[in-house]
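Values below: every heavy atom of this structure, side chains too, minus hydrogens, waters and symmetry copies. For clarity, every value in this text was computed on a predicted model and none was experimentally measured.
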Amino acid sequence: MNLVLFEHEDASEPLDYGRLKNTRNAGIAQSLLTPNGVGKSYWASVLAYRTDAFDGRKPESWADFWNLGAFPGDRALQGEVDWPELEFALLADGVPLDRLYPLDVNRAFKVLDEIRGSVRTFWEYGAEPGELLSRGSVVASSTWAGRLQQPIKRGAPLAYEWNGARRQSNGYGIPKGSANPDAAYRLIDFALRPQVQAHMARLYPDGPVVPAAYGYLTESTAMNLASTPGHLLSGFDLDIEWWLENQDAVTRRWRDWVRT
């Protein structure tokens, strides 16, 4: 998101892709090869839940998250730390992944109204969903997938579902007037090597943007990453341009909704 903002505000340099050999025929998604920035990793917001909350059943979609009859209990949704989660409401109401944008804001808030009474809190930092779920304060929550790994490794009865995951990406750009652009190009190109992408994914579970990186990862590592082929098909990419155009109006309405 910030790279797009920097480009809009003329705060970053246009990239010379001729100097980034590791982007050539690397299979990086075209949406991540922007004029002023290149993607480096994927992360995602997903549906998380307590595995001991629903008598052995598990919510497998945002429609299940909204189904208070089949999956009763308190929920948590993301606050203002990132974009309001309107897409999840629309998916719960049956909108297909490839028809989400432009978002039907009125429809989304109507669907959000259906669970407002069960939304116990709106989380504001990455570790909070895992803490809420681990304590049993809520039985289901949206969360950033990577932040749930440690509670699960510690034995917390938690899991998450990739169906309907909202993907975003981190990336590299060069600030306008950078004093050492040559070094920046070398760093970016190094970071896009498949082996380096794989090593970064082992250090923290963000998904590589270079598909060949998966050849250097074990299946147990790959299954927790947002850019594995199956997860790419079952989730969607957040439309940054739509959100930048609509964020002020939607955020104002979101704040009013949260206060109701």
Give a yes or no on whether the backbone of Asp93 and the side-chain of Arg107 come within a donor-acceptor separation of less than 3.5 Å.
-> yes
Apart from Tyr125 itself, residues in the same hydrophobic cluster as defined by side-chain heavy atoms under 4.5 Å | none
Of all heavy-atom pairs between Leu148 and Pro151, which one has the smallest distance, and what is that distance?
-> O-CD, 3.3 Å
Those residues that, when tested against Ser227, pass side chain to side chain donor-acceptor pair (under 3.5 Å) (two or more places apart) | Tyr214
Any idea which heavy atoms bring Gln78 and Trp123 closest together, and the distance?
-> OE1-CH2, 3.1 Å
Determine the minimum heavy-atom distance between Trp83 and Gln247, stating which atoms define it.
-> CZ3-OE1, 3.3 Å
Main-chain N/O of Phe65 paired with Arg75 side-chain donor or acceptor, under 3.5 Å | yes
Please test Asn36 against Leu3 for side chain to side chain contact (heavy atoms under 4.5 Å, CB included), starting from the C-alpha separation and ending with a verdict.
-> CA-CA 7 Å; Asn36 292 39; Leu3 286 175; over 6 Å; no
Heavy atoms only: give me the nearest Pro194-Val210 pair and the separation to one decimal.
-> CG-CG1, 4.0 Å
What ring pair (Phe, Tyr, Trp, His ring centres under 6.0 Å) pairs are there with at least one residue in residues 145-174, not counting sequence neighbours?
-> Tyr160-Trp162, Trp162-His231
Does the Arg167 side chain pair with the main chain of Leu232, one donor and one acceptor, at a distance under 3.5 Å?
-> yes
Looking only at side chains, do Ser12 and Glu7 share a donor and an acceptor under 3.5 Å apart?
-> no
Are Leu217 and Leu225 side-chain neighbours, meaning at least one heavy-atom pair lies under 4.5 Å?
-> yes
OG1/Thr228 to CD/Glu219 distance, rounded to the nearest 0.5 angstrom?
-> 10.0 Å
Does the side chain of Phe109 come within less than 4.5 Å of Leu86's, by heavy atoms?
-> yes
Taking Asn170 for the side chain and Lys40 for the main chain, is one N or O donor matched with an acceptor at less than 3.5 Å?
-> no
Side-chain H-bond candidate by donor/acceptor type, Thr218 with Ser220, under 3.5 Å | yes
Just jot down the side chain to side chain contact (heavy atoms under 4.5 Å, CB included) partners of Arg116, sequence neighbours excluded, or say none.
-> Val119, Phe122, Trp257, Thr260
Look only at the side chain of Thr51 and the backbone of Pro157, and say whether a donor-acceptor pair between them is shorter than 3.5 Å.
-> yes
Could you tell me whether a side-chain N or O of Arg50 sits under 3.5 Å from a main-chain N or O of Leu133, the two making a donor and an acceptor?
-> yes
By salt bridge (Lys or Arg N to Asp or Glu O under 4.0 Å) - contacts of Glu161 (at least two apart) = none
Modelled atom types, side-chain donor and acceptor of Asp82 and Gln168, under 3.5 Å = yes
Taking the side chain as every heavy atom from C-beta outward, state whether Val111 and Leu90 have any atom pair closer than 4.5 Å.
-> no
Ion pair present between Asp189 and Arg19, side-chain N to carboxylate O less than 4.0 angstrom?
-> no
For Asp98, which residues count as a salt bridge (Lys or Arg N to Asp or Glu O under 4.0 Å) partner, sequence neighbours excluded?
-> none
Can you name the salt bridge (Lys or Arg N to Asp or Glu O under 4.0 Å) partners of Asp239, sequence neighbours left out?
-> none
Here the salt bridge (Lys or Arg N to Asp or Glu O under 4.0 Å) pairs for residues 249-260, sequence neighbours left out, are Glu80-Arg255, Asp256-Arg259
Just by modelled atom types, is the Gly130 backbone N or O under 3.5 Å from a matching donor or acceptor in the Ser134 side chain?
-> yes
Heavy-atom check, side chain of Thr221 versus side chain of Tyr216, under 4.5 Å = no
Check: Asn224 side chain, Pro205 main-chain N or O, donor-acceptor pair, under 3.5 Å | no
Axial cation check for Phe88 ring with Arg166, 6.0 Å and 45° limits | yes
Apart from Tyr204 itself, what residues make up its hydrophobic cluster, given side-chain heavy atom links below 4.5 Å?
-> none
Give every residue pair that meets the ring pair (Phe, Tyr, Trp, His ring centres under 6.0 Å) criterion with at least one member in residues 28-61, sequence neighbours excluded.
-> Trp43-Trp144, Phe54-Phe71
Mind checking whether Leu103 and Tyr101 have side chains closer than 4.5 Å, heavy atoms only?
-> yes
Not counting sequence neighbours, which residues clear side chain to side chain contact (heavy atoms under 4.5 Å, CB included) with Ala213? List them please.
-> Gln197, Ala198, Pro208
Could you tell me which residues satisfy salt bridge (Lys or Arg N to Asp or Glu O under 4.0 Å) with Arg57, sequence neighbours excluded, listed by chain and number?
-> none
With no hydrogens and no angle check, is any side-chain donor or acceptor of Thr251 less than 3.5 Å from a backbone partner on Asp248?
-> no
